[in-house]
Amino acid sequence: MIRHIVFFTAKDEAGIDQIVEGLSILTSIPYASRLEIALNRKSDQLGNDIDVVVYGEFDSESDLAAYKSHDLYREAIRRVRPLRELRLAADYEPSTDVHFARTSGLGQIARPRRPPGRG
């Protein structure tokens, strides 16, 4: 499984609803096993810059690639790009990219990957 997470900030607060509307067309693309478009609750004590979050789960790299090459994906970009200030994205595979995880407290730790050839 591949997790795909994208954060957006709006150029103008008035554009946030339009960003959500533009991103909502992504939910019609058939390749995600789960796809959510959500407003940030802005309840973090250290930073609340992010306005909108896209969270997706894909069964494979090829499903994620098909999602990103779909016509509706390009349409969402066309609608949202003029309204957004910043877009940050990350894709990772929980089974291989997360090396240590505990479910209680502050126990989640990701071990950095070593460069190839550095054992």
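A continuous path of hydrophobic side-chain contacts links Val80 to Leu72 [ILVMFWY only; heavy atoms under 4.5 Å]. Hydrophobic clustering of Ile, Leu, Val, Met, Phe, Trp and Tyr side chains at less than 4.5 Å, counting indirect connections, keeps Phe7 apart from Tyr73. Hydrophobic cluster membership is shared by Leu39 and Val6, with clusters built from Ile, Leu, Val, Met, Phe, Trp and Tyr side chains linked at under 4.5 angstrom.
Across every non-hydrogen atom of Pro94 and Met1, the tightest pair is CD-O, 3.2 Å. The shortest non-hydrogen separation linking Gly15 to Leu83 is O-CD1, 4.3 Å.
Ion pairing between Asp91 and Lys68 holds under the 4.0 Å rule for side-chain N and carboxylate O. Between Asp51 and Arg84, no side-chain nitrogen of the basic residue sits less than 4.0 Å from a carboxylate oxygen of the acidic one, so the salt-bridge criterion is not met.
Counting heavy atoms from C-beta outward, Asp63 and Glu61 have side chains that stay 4.5 Å or more apart. For the pair Val52 and Ile37, the minimum side-chain heavy-atom distance is below 4.5 Å. Contact check for Ile2 versus Glu57: no side-chain heavy atoms found under the 4.5 Å cut-off. Counting heavy atoms from C-beta on, the side chains of Lys11 and Pro82 never come closer than 4.5 Å.
Applying the ring-ring contact (aromatic ring centres under 6.0 Å, His included) rule to pairs touching residues 14-60 yields Phe58-Tyr67, sequence neighbours excluded.
The main-chain N or O of Ser43 is found under 3.5 Å from a side-chain atom of Asn48 such that the two form a donor-acceptor pair.
Residues satisfying the side-chain hydrogen bond (donor to acceptor under 3.5 Å, both in side chains) criterion with Asp71, sequence neighbours excluded, are Arg74. For Phe8, there are no ring-ring contact (aromatic ring centres under 6.0 Å, His included) partners at least two apart in sequence or on another chain. In this structure, the side-chain hydrogen bond (donor to acceptor under 3.5 Å, both in side chains) partners of Ser95, at least two apart in sequence or on a different chain, are Glu93. Taking Glu36 as the reference, Arg34 meet the salt bridge (Lys or Arg N to Asp or Glu O under 4.0 Å) condition, with sequence neighbours excluded.
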#### Entry: Residue pair Ile50, Thr9: steps toward the side-chain contact (heavy atoms from CB on, under 4.5 Å) verdict
CA-CA 5 Å; Ile50 301 303; Thr9 62; 4.0 Å; yes
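Rounding to the nearest 0.5 angstrom, the gap separating the CD atom in Glu75 from the OG atom in Ser28 is 11.5 Å.
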Would you give me the side-chain donor-acceptor pairs under 3.5 Å for residues 17-27, sequence neighbours excluded?
from	atom 1	to	atom 2	distance (Å)
Ser24	OG	Val20	O	2.7
Thr27	OG1	Ser24	O	2.7

